[in-house]
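Here's the structure, in structure tokens; my notes come after.
Computed from a predicted structure; not experimentally measured.
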Amino acid sequence: MALTIQNVADDVTFELRKTLDGLDGSGADFLLMQRWIDQTHKDLVHTGMYRHALRASTNVTTVAATRSYALTPTNVRRIEAVFNAVTETFLSPIGEVLSPSSLSDPMDRGGAARPDKHTATHRVSTPYPQYFWMSTVITAGVAAHTLHVFPPPFAAEHAGTATAFYVKQATTVTGAATALDAGEDSRDAMVAGVLARAYRYKHHPEMAAYWHDLYEKYKYGETI
């Protein structure tokens, strides 16, 4: 069941005893709530138990001697895994074997040491792709994502379907009827998170802290 911006705004309005009125889907109060709902929703689906709502997959058909493939979705936030159906194996992110370009690059997962520098060279000396990398170009606000595989399939028999499992960008609020990615099940968490922001706005720190703590528990499923 869909959960819309208006559904959350209605609940928040009644909880606040209509001191901020978002019931009509317009006006200054509603626009303020809409911003809070957008911020709360993005935090919820990026960091909480509703992250699954942003998971999706897309297929590419690899071709002999071709390294780069345009992805159909334009809302890819991050690729988590690429599965090569030809070899029934997962490709490795290229960053796991290359040295970081700067201190700002993410650390290795789990603090594991990077493989020897010759590992990447050895693994790409095969007829099948072993690593993947994604690049993005944004034109007029629209993102075009490209999946790169290393090495490219050597011949036709080494090519086939590869599935990219990715995290989508969260929906940005555009109006009262916008449906939230997390769905109806996230209603309590959404209302609590927005109320925390509303009470901070109204200078009620005790109530803001109360609803923030409740939101954190809803977000991680601690109240279930």
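- The CE atom of Met33 sits 5.0 Å away from atom CG of Leu20, with the distance rounded to the nearest 0.5 Å.
- Tyr218 and Tyr210 fall within the same hydrophobic cluster, defined by Ile, Leu, Val, Met, Phe, Trp and Tyr side-chain heavy atoms under 4.5 Å apart, directly or through other members.
- Between the Arg51 side chain and the Gly48 main chain, a donor and an acceptor come within less than 3.5 Å of each other.
- A salt bridge links Asp38 to Lys42: at least one charged side-chain nitrogen sits closer than 4.0 Å to a carboxylate oxygen.
- Here the closest non-hydrogen pair linking Ala208 and Arg200 is CB-CG, 3.4 Å.
- The shortest distance between side-chain heavy atoms of Pro129 and Pro153 falls below 4.5 Å.
- Counting heavy atoms from C-beta outward, Val8 and Arg187 have side chains that stay 4.5 Å or more apart.
- Side-chain atoms of Asp29 come within 3.5 Å of backbone atoms of Asp21 as a donor-acceptor pair (strictly under, hydrogens ignored).
- With contacts defined as side-chain heavy-atom distances shorter than 4.5 Å, the pair Tyr166/Thr58 qualifies.
- Under the side-chain hydrogen bond (donor to acceptor under 3.5 Å, both in side chains) criterion, the residue pairs touching residues 146-160 are Ser68-His148, Ser135-His148, with sequence neighbours excluded.
- Annotation: the span from Trp36 atom CH2 to Arg197 atom CZ amounts to 9.5 Å, rounded to 0.5 Å.
- No more than 12 heavy atoms of other residues, nucleotides or ligands shown are found within 6.0 angstrom of NZ on Lys18.
- Ala182 approaches Ala53 most closely through the heavy-atom pair CA-CB, 4.2 Å.
- Classification of Lys168 and Asp181 as a salt-bridged pair fails, no side-chain N sitting under 4.0 Å from a carboxylate O.
- Under the 4.5 Å side-chain heavy-atom criterion for Ile, Leu, Val, Met, Phe, Trp and Tyr, Val82 and Met134 are members of the same hydrophobic cluster.
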His46/Leu44 under side chain to side chain contact (heavy atoms under 4.5 Å, CB included): CA gap, chis, key distance, verdict: CA-CA 6 Å; His46 285 158; Leu44 186 68; over 6 Å; no
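- Ring planes of Phe165 and Phe90: tilted class, angle from 30 to 60°.
- One finds the CG atom of Asn84 at 5.5 Å from the OG1 atom of Thr89 (value rounded to the nearest 0.5 Å).
- Shown here for Tyr69 and Thr61, the closest heavy-atom pair between the two residues is CE2-O, 3.6 Å.
- Across all non-hydrogen atoms, the minimal contact from Tyr220 to Met49 is C-SD, 4.0 Å.
- The number of heavy-atom neighbours closer than 6.0 Å to OH of Tyr201, taken from other residues, nucleotides and ligands shown, is 12 or below.
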From CA spacing to verdict: side chain to side chain contact (heavy atoms under 4.5 Å, CB included), Tyr215, Asp43: CA-CA 11 Å; Tyr215 168 69; Asp43 176 69; 2.6 Å; yes
Pair Ile5-Asn7, side chain to side chain contact (heavy atoms under 4.5 Å, CB included): steps then yes or no: CA-CA 5 Å; Ile5 301 305; Asn7 296 149; over 6 Å; no
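- Judged by distance alone, with hydrogens and angles left aside, the side-chain atoms of Glu184 form no donor-acceptor pair with the main-chain N or O of Thr4 at under 3.5 Å.
- Gln130 is not listed as a side-chain neighbour of Ser92, based on a closest heavy-atom distance of 4.5 Å or more.
- Residues Leu91 and Leu71 are members of one and the same hydrophobic cluster, defined by side-chain heavy-atom contacts under 4.5 angstrom among Ile, Leu, Val, Met, Phe, Trp and Tyr.
- Contact of the Thr171 side chain with the Leu180 side chain is not registered, since no non-hydrogen atoms from C-beta on lie closer than 4.5 Å.
- Across all their heavy atoms, Phe30 and Ala9 have their closest contact at CE1-CB, 3.9 Å.
- For the pair Phe14 and Leu23, the minimum side-chain heavy-atom distance is below 4.5 Å.
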Met207/Lys202 under side chain to side chain contact (heavy atoms under 4.5 Å, CB included): CA gap, chis, key distance, verdict: CA-CA 10 Å; Met207 291 298 294; Lys202 290 171 65 64; over 6 Å; no
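- Taking the side chain as every heavy atom from C-beta outward, Arg77 and Leu54 never approach each other to under 4.5 Å.
- For the atom pair OG1 of Thr178 and CG of Leu3, the computed distance is 11.5 Å after rounding to the nearest 0.5 Å.
- With hydrogens and angles ignored, the 3.5 Å screen pairs no side-chain donor or acceptor of Tyr128 with any backbone N or O of Ala159.
- Cluster membership for Val60 and Ile79, using ILVMFWY side-chain heavy atoms within less than 4.5 angstrom, is shared.
- Smallest separation of non-hydrogen atoms from Met190 and His41: SD-CA, 3.6 Å.
- Hydrophobic cluster membership is shared by Leu32 and Leu16, with clusters built from Ile, Leu, Val, Met, Phe, Trp and Tyr side chains linked at under 4.5 angstrom.
- Judged by distance alone, with hydrogens and angles left aside, the side-chain atoms of Thr40 form no donor-acceptor pair with the main-chain N or O of Ile37 at under 3.5 Å.
- Here Glu88 contributes atom CD and Phe83 contributes atom CZ; the two are 4.0 Å apart, rounded to the nearest 0.5 Å.
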